[in-house]
Amino acid sequence: MMMAPRIRKLALTAHVTSSVGWLGAVGGFLALAVVGLSSEDAQKVRAAYVAMESITWLVIVPLSFAALVTGLVQSLGTTWSLFRHYWVLAKLVLTLLATGLLLLHTRPIGHLARAAALTALASTDLRRTRIQLLADAVAALVVLLATTTLSVYKPRGVTPYGWRKQREPSGAGSRSPTESGSPSP
Amino acid sequence: MKSKTNDQASRDRGAPPGAPRWVKVGVVIFIALALLFAAVHLTGHGLGGHG
């Protein structure tokens with residue numbers, strides 16, 4: 001079902017806001033991970049790891065789901081559709097992957113936050129987990145930059161399904177998104 | 001340019017066009033990173049590591 005232009009703009013605004021917000025929140029998470037790993041100030045280290053858990057549950061996780069849902073709404077409500085263009089499909093896969101790995105990594109984040117709340121962490125305490133969280137944040141940033149780049153450049157390429165839909169004699173499936181003026185999912 | 005020609009040829013033949021180069025490169029990078037991720041976790045440096 002195609003969305004009316006006003007609704008489409010609203011959905012697009014929600015999608016861009018949540019996606020870019022997610023990217024920014026991961027940037028903040030990365031900054032805290034760097035402080036937690038490199039600072040000599042024990043209070044600063046504790047504060048960083050406690051804050052990381054809050055940012056994860058109150059900002060990053062909600063924004064990741066918002067980006068996923070608004071992206072689905074955008075693609076299904078416009079002629080871009082979900083499985084017709086490789087770049088839309090690639091964004092979906094990357095977003096699902098990033099959300100899944102994020103949820104998987106909430107456990108070490110919580111573990112580290114609880115440890116930091118209970119006691120001052122020495123630079124060698126839980127070092128492997130701390131390095132892992134830094135690497136996770138870098139990986140998440142790379143994935144989110146990739147999805148943002150795909151949204152802006154919209155590289156060419158139609159899937160076999162999209163190709164078949166384009167060849168259908170009539171209806172919305174036969175028009176390209178550019179022809180119908182639909183914005184990006 | 002070459003892929004455009006292939007797309008045109010596929011269209012003429014009635015067969016769907018192949019995946020563009022950026023998709024193939026992306027899939028290769030994705031598989032390499034997935035293998036690296038699996039290797040890191042299988043060697044015990046992953047999620048469960050507590051220092």
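Convention: sequence-line order gives letters A, B, ...; per-chain numbering from 1.
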Count I, L, V, M, F, W, Y as connected when their side-chain heavy atoms are under 4.5 Å apart, and connections chain through other members. Are A:Val93 and A:Leu72 then in the same cluster?
no
Spacing of B:Phe37 atom CZ and A:Leu101 atom CG [to the nearest 0.5 Å]
5.0 Å
Same cluster or not: are A:Val73 and A:Val88 linked, directly or through other Ile, Leu, Val, Met, Phe, Trp or Tyr residues, by side-chain heavy atoms under 4.5 angstrom apart?
no
Same hydrophobic cluster for A:Trp57 and A:Val50, using side-chain heavy-atom links shorter than 4.5 Å among ILVMFWY?
no
Okay, A:Ile131 and chain B: the region with an atom under 4.5 Å from a heavy atom over there is neither
With a 4.5 Å cut-off on side-chain heavy-atom distances among I, L, V, M, F, W and Y, is there a chain of contacts connecting A:Leu58 to A:Leu23?
yes
For the residue pair A:Trp163 and B:Ala15, what are the closest heavy atoms and their distance?
CZ2-O, 3.2 Å
Given a strict heavy-atom distance threshold of 4.5 Å, which part of A:Leu121 is in contact with chain B: side chain, backbone, both, or neither?
neither
Counting heavy-atom pairs under 4.5 angstrom with chain B, the leader among A:Pro155, A:Ala90, A:Ala115, A:Ala135 is A:Pro155
B:Val27 reachable from A:Leu96 in the ILVMFWY side-chain graph, under 4.5 Å edges:
yes
